[in-house]
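Counting from 1, the numbers follow the sequence of the chain as shown. Just the heavy atoms: all of them, side chains too, but no hydrogens, waters or symmetry mates, feed the values below. Note that this is a predicted model, so its numbers are computed, not measured.
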Amino acid sequence: MKESESSNKATSKLSPDQRYYAVDTEKLKALQEEKPWMKSAKYFRSVAVSPSAVTKMMMHCASGVEKGIGKGGNPIEVMGLLLGRPDPHSPTTLIVTDAFPLPIEGFETRVIADDQAVVNHMISLNECLERTRNERFMGWYHSHPFDLGELSHCFLSQTDLSTQLQWQRAEDPHGNPFVAIVLDPLRSVHVGTPQLKAFRAYPPEYQSNIANECPDGSVEPSEQARLQRWGSCWNRYYELGVEYYMSSTSRKILGDLTQNYLWIAGFKRRDETQKVKSLQELANGYTTLSSAAGSETAQEGTDVGSTSGAFSVFGAAAAIASHGDEISVASPANQKPDPHVQKLQAEATKELSQISLRQVHRAVFKPPISDFS
């Protein structure tokens with residue numbers, strides 16, 4: 001207990017950059033040799049996920065949905081691997097630093113995979129990462145793109161549980177504890193935030209001392225409710241808390257964007273002076289957007305070496321898209337919204353979505369510069 005408290009105090013003094021991005025190889029090696037997770041069925045309590053890992057997982061899962069629907073069928077289930085390590089500063093936490101899609105597709109809980117193709121892909125990927133990264137594959141993710149319902153579809157099916165248990169048996173004894181992350185892409189779109197959960201499987205010999213204990217630690221006396229929420233294997237795995245981290249630089253950039261551009265601006269209350277200023281921005285914002293969009297399109301095939309152009313386009317579009325609620329406020333109560341203004345807003349929002357998605361996609365999936373090439 002005292003060791004845990006001292007570890008928590010030491011962790012609280014570390015900045016995110018020190019804890020998540022700077023790998024303490026000596027402490028990590030000592031933890032991997034000690035393997036405390038082999039002594040407890042519920043050793044790990046949380047998973048810390050990086051922004052790039054979340055972005056890649058969500059984009060991969062969304063592509064499965066679009067591909068399945070585009071073919072006139074149901075959304076396709078996809079799968080990938082997670083890169084990371086146990087946290088030596090907080091041993092009950094697993095750190096996920098990156099995510100890599102696998103050439104696997106499936107429908108509902110039955111995964112369809114070409115085993116040899118997957119093995120070759122993993123070998124090639126692992127050889128590349130060994131030269132450039134300090135982490136190892138320490139988990140896997142997959143989507144449950146089932147119909148949107150009252151309950152989340154983030155749970156482990158019988159097939160998922162078998163896969164996770166095999167990974168844990170193969171990797172845990174070698175100092176590399178494995179975790180499973182399940183994503184619900186349709187609910188993520190509906191709610192507007194990533195809907196994902198992390199799980200670990202119990203050893204076959206483990207039996208909980210608490211009757212009807214669910215993976216999240218709650219007690220549900222209704223068997224039907226347990227099956228609907230957690231699947232038929234509800235008592236064979238447990239849920240880990242999920243937290244997100246980012247570097248100080250990323251946090252500063254994201255803070256600037258949310259405060260000055262699209263997201264947070266839509267929720268701020270403005271006085272009358274600000275509303276008049278917003279309308280002025282709206283009047284000349286579309287001209288700036290059109291010229292910037294043309295410039296951005298012309299550079300579509302070039303390398304993205306600077307983000308200043310992307311931010312100027314983003315800001316121009318956001319000045320229009322984020323002030324739609326203020327048009328009716330500044331206009332007389334009996335006056336209908338101007339159709340011309342509504343058309344400008346719709347076109348600006350469309351341009352914003354296309355431009356920002358292209359910029360984010362290129363930034364996330366741009367191959368790193370390596371001396372080994």
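Note that the CG atom of Leu81 and the CG atom of Leu102 stand 4.0 Å from one another [nearest 0.5 Å]. Remark: Glu220 CD to Cys214 SG distance equals 6.0 Å, nearest 0.5 Å.
A donor-acceptor contact closer than 3.5 angstrom links the side chains of Asp160 and Ser157. A side-chain N or O of Thr193 and one of Gln195 form a donor-acceptor pair less than 3.5 Å apart. Residues Ser50 and Ser52 bring a donor and an acceptor atom of their side chains to less than 3.5 Å of each other.
One finds no salt bridge joining Glu239 and Arg229 here, because no Lys/Arg side-chain nitrogen approaches an Asp/Glu carboxylate oxygen to under 4.0 Å.
Heavy atoms only, all atoms of each residue included: Lys35 and Pro173 are closest at CD-O, 3.1 Å. Taking each heavy atom of His174 and Ala170 in turn, the nearest pair found is CD2-O, 3.0 Å. Counting all heavy atoms, side chain and backbone alike, Ser90 lies closest to Arg19 at CB-NH2, 3.3 Å. Contact record, Val78 with Gly64: CG1-CA, 3.9 Å, taken as the closest heavy-atom pair. When all heavy atoms of Ala41 and Tyr238 are compared, the closest pair comes out as O-CE2, 3.2 Å. Closest approach of Tyr141 to Leu82, counting heavy atoms only: CD2-CD2, 3.6 Å.
Taking the six-membered ring for Trp and thresholds of 30 and 60 degrees, Tyr20 and Tyr245 have nearly parallel ring planes, at less than 30 degrees apart.
Panel note: side chain Ser143, backbone Pro145; no donor-acceptor pair is recorded below 3.5 Å. Side chain of Ser162 to backbone of Gln158: no donor-acceptor contact under 3.5 angstrom is found. A donor-acceptor pair is defined here as one N or O able to donate and one able to accept, closer than 3.5 Å; such a pair exists between the side chain of Thr97 and the backbone of Leu83. The closest donor-acceptor contact from the side chain of Asp184 to the backbone of His153 lies under 3.5 Å.
Between Trp234 and Phe155, every side-chain heavy-atom pair lies at or beyond the 4.5 Å cut-off. In this structure the side chain of Val96 reaches within 4.5 angstrom of the side chain of Met138, judged on heavy atoms. For the pair Trp230/Asp216, a side-chain contact is recorded, criterion being any heavy-atom separation below 4.5 Å from C-beta on. You'll find the side chain of Arg169 reaches within 4.5 Å of the side chain of Pro204, heavy atoms only. Pro86 has its side chain within reach of Leu94: a pair of non-hydrogen atoms, C-beta onward, lies under 4.5 Å apart. At a threshold of 4.5 Å between non-hydrogen side-chain atoms, the residues Arg200 and Tyr43 do not count as touching.
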- Query: What's the verdict on side-chain contact (heavy atoms from CB on, under 4.5 Å) for His142 and Val182, showing C-alpha distance, side-chain angles and the deciding distance?
  - Reply: CA-CA 5 Å; His142 71 289; Val182 183; 3.5 Å; yes

- Please test Leu148 against Arg187 for side-chain contact (heavy atoms from CB on, under 4.5 Å), starting from the C-alpha separation and ending with a verdict. CA-CA 6 Å; Leu148 185 64; Arg187 180 168 289 274; 3.9 Å; yes

- Would you sort out whether Met57 and Val49 count as a side-chain contact (heavy atoms from CB on, under 4.5 Å), showing the intermediate values? CA-CA 11 Å; Met57 287 189 288; Val49 188; 4.2 Å; yes

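Checked against Phe178 for a ring-ring contact (aromatic ring centres under 6.0 Å, His included), the options Phe137, Trp167, Trp140, Phe44 give a single hit: Trp167.
Cation-pi geometry between Lys56 and Phe100 is satisfied (NZ or CZ under 6.0 Å from the ring centre, within 45° of the ring normal).
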